[in-house]
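In what follows, every heavy atom counts, from backbone to side chain, and hydrogens, waters and symmetry copies are set aside. Residue numbers start from 1 in every chain, and the chains themselves are labelled A, B, ... in the order their sequence lines are given, proteins ahead of strands.
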2 protein chains.
Amino acid sequence: MRDVAEHAGVSVRTVSNVVSGYPHVSPATRARVQRSLDELGYRMDYLARGLRSGRTGFVALAVPFLAEPYFAELAQAVVKAAARRGVTVLIESTGGDSEVERRILAGGLTNVADGVLLSALTVPPEAAAVQPDFPLVLLGEHGVGDRLPRVGIDNVAAARTVVEHLLDQGCRRIVALGRNGSENGRQRTEGYRQALAAARVRPVNWLVVPVDDWTRKQGYDAVRRLLDGSGPLPDAVFAFNDALAIGALRALDASGVRVPGEVAVASIDDVQEAAYAHPPLTSIAPDLDVIAERALTLLEEQAASQDAGPAGSAPDAAPFRLVVRESSLRAPNAPNVPSGREASPRLASAGEGGQ
Amino acid sequence: MRDVAEHAGVSVRTVSNVVSGYPHVSPATRARVQRSLDELGYRMDYLARGLRSGRTGFVALAVPFLAEPYFAELAQAVVKAAARRGVTVLIESTGGDSEVERRILAGGLTNVADGVLLSALTVPPEAAAVQPDFPLVLLGEHGVGDRLPRVGIDNVAAARTVVEHLLDQGCRRIVALGRNGSENGRQRTEGYRQALAAARVRPVNWLVVPVDDWTRKQGYDAVRRLLDGSGPLPDAVFAFNDALAIGALRALDASGVRVPGEVAVASIDDVQEAAYAHPPLTSIAPDLDVIAERALTLLEEQAASQDAGPAGSAPDAAPFRLVVRESSLRAPNAPNVPSGREASPRLASAGEGGQ
DNA sequence: GTGAATGTTTGCATCGATGCAAGAGCGGGC
DNA sequence: GCCCGCTCTTGCATCGATGCAAACATTCAC
């Protein structure tokens, strides 16, 4: 910048004024500086700006596994929303390592980012208890410390919606696939329970199958074990996310079980892959755009407020929709076409998120 | 840091020495400073360090679409490799916008990252012509400016390997699905041509189907059109990436065409989804770990060399493997199990990358 | 006891930008 | 003719860390 100033014959400060769009610069000077800027190929050093001004224009997003489609699509939505605000997203993949997550909660990304969005598998309670001194919003995870602001769908309601749909299809022996140590898993189990209880399903038909993590492989293995077991077959599988459902579908197919004829399948996430599954997968579609938008807004509000740290959480949940596809239709007369979010509007009933 | 220095009764410089692990600090002092560090909850300001030292510890990775599984898995591999070196990855999603890519090539991420990894859909020739003044490595894209260093598989060889495999299975009317404006598309088409020519397939059976982009939807639509057309059915589809293949599989299934019985399908990428497709998809698996590792090494070398900019490219290609699954086996006697990379070693023949 | 060698600590300048407030130039009102 | 107010431009200090080299302390050899 000093070079540019010399080249244009003005002070460093004036160059800064031109670059940052300060209004009181004469057109002549502005033009001359601009020319020098171009000629010398000046590039702003964002670090220096960040150091002086305290704001970097970065927002950090930490997710457990970038290669998991749900998180990739979430990241994409955040990047898109951030671009609209002129903000660059710095993505970090924690690998689900709670040590890394702890480090982030402890402020490991402060100074380099104006705010942090954390999508943790499980927020350790003791970490959730402390009040961070930087803008922070949790994505998805919920319920542990309501002290931390959070954006996500109502997991209980989402699970209940899926199970109610399966009940509507005449299923009575529904497996809940995916309980693990996570809070999300607990809540989705709870939604499953509520739906069954409301429908007065006999307790002998309540089946909760645990898994280690929410991957295709775990879904495949769990269903394989289920089919090899001695108990009566279920007539539906409610998978806690699409990856588990995809694995379940493959296992059912491998065992020659017809879907949805013998077993209906539905889950939560509605990743792109779901519409191309075999058969196309019924799933809950969280509104990722709204989630991303709201999360960034919360960060901005925190940054603007004096105390800088996360304030009391706004507890309203993000909206979601149930996207019904062939995998859960017991009387399959729907066309066997991949139906995206807009492709089958008549089949998509509104979710109950947002309240 | 100043606060810590006062609290511990030492100079700022000594605190810096402790933090950065400078060897000549007496144990007593080190302990005292460390205690103050913990007590005051000191956090390093990476911006300031980066400003002073010129190295930030960040590497930028720009990909077109994070939500595309291939790029998500590539990003995951880069993050993992970077973590081993104590480097943090800053991921940017360009949205395939060539304007954004141009901005990155022009140095939009310099100063904030020590190096840039760019996975561009199409590198504009005029942008590839200039010599960047910062460490830069291209991922995947290839052939335009051999001046820019690049890491990726040999697309021609990969495509040839797939088509040879389909020919081995007895296929003679093979569709190449995925030509578009990209250099990658051109090269994969070339590999297809080479394989057919070597096998003396009659020109009437050479079918190249263009698409707009390499997505499931484009694959679905293109195959739909193909099946609705009047020409004789192909007996194999070689899709240029897994997304196209997944779309193709769905279209074939929707039309009641048996895979691999009537039409074999194979492609390139071997994303996790491929092993769970219906039927499990034969695909070329590029060694993403090697690609990521090599790309970071190239960045380091550039950073170490005096001229700082990318030097002449090391033109050796990254290794890949052909992972054979059910979708391409004309006599399907393989178990209908999702076979991951390690799951079916006997079926996986070595690729010819790396030479 | 003296000088050298090694080990430990410190001060100062600096990276590149911006916040702040003052200085320079100029036209108009009374 | 003087002062006020406005526009445009500038100098200086500063953000938080590190490079450099000097200063100080301690030990050792002769």
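D:dT14 atom C1' lies 15 Å from atom CE of A:M1, rounded to whole Å. One can place CZ of A:R2 at 13 Å from C1' of D:dG11, the figure rounded to the nearest angstrom. Here the P atom of nucleotide D:dG19 and the CZ atom of B:R55 are 12 Å apart, to the nearest Å. The separation between B:R13 atom CZ and D:dA22 atom C1' is 13 Å, rounded to whole Å. At whole-Å resolution of the value, CD in A:E6 and P in D:dT10 are 13 Å apart.
A donor-acceptor pair is defined here as one N or O able to donate and one able to accept, closer than 3.5 Å; no such pair exists between the side chain of A:R150 and the backbone of A:V137. Without hydrogens or angle criteria, B:E293 side chain to B:A81 main chain gives no donor-acceptor distance under 3.5 Å.
For B:S16 and D:dA17, the shortest distance from a side-chain N or O to OP1 or OP2 is not below 4.0 Å. Put simply, B:S11 has no side-chain N or O that comes within less than 4.0 Å of OP1 or OP2 on C:dT9.
DNA chain D is contacted by B:Y42, B:R43, B:M44, B:D45, B:A48, B:R49, B:L51, B:R52 of residues 17-54 of chain B, taking any non-hydrogen atom closer than 4.0 Å.
Pairs engaging residues 55-65 of chain A under the side-chain hydrogen bond (donor to acceptor under 3.5 Å, both in side chains) rule: A:T56-A:D114 [sequence neighbours left out]. Pairs engaging residues 31-44 of chain B under the salt bridge (charged side-chain N to carboxylate O under 4.0 Å, His left out) rule: A:D133-B:R43 [sequence neighbours left out].
Of all non-hydrogen atoms in B:V25 and B:R30, the two that sit nearest each other are CB-NH2, 3.5 Å. Between B:Y42 and B:V19, the shortest heavy-atom contact is CE2-CG2, 4.1 Å.
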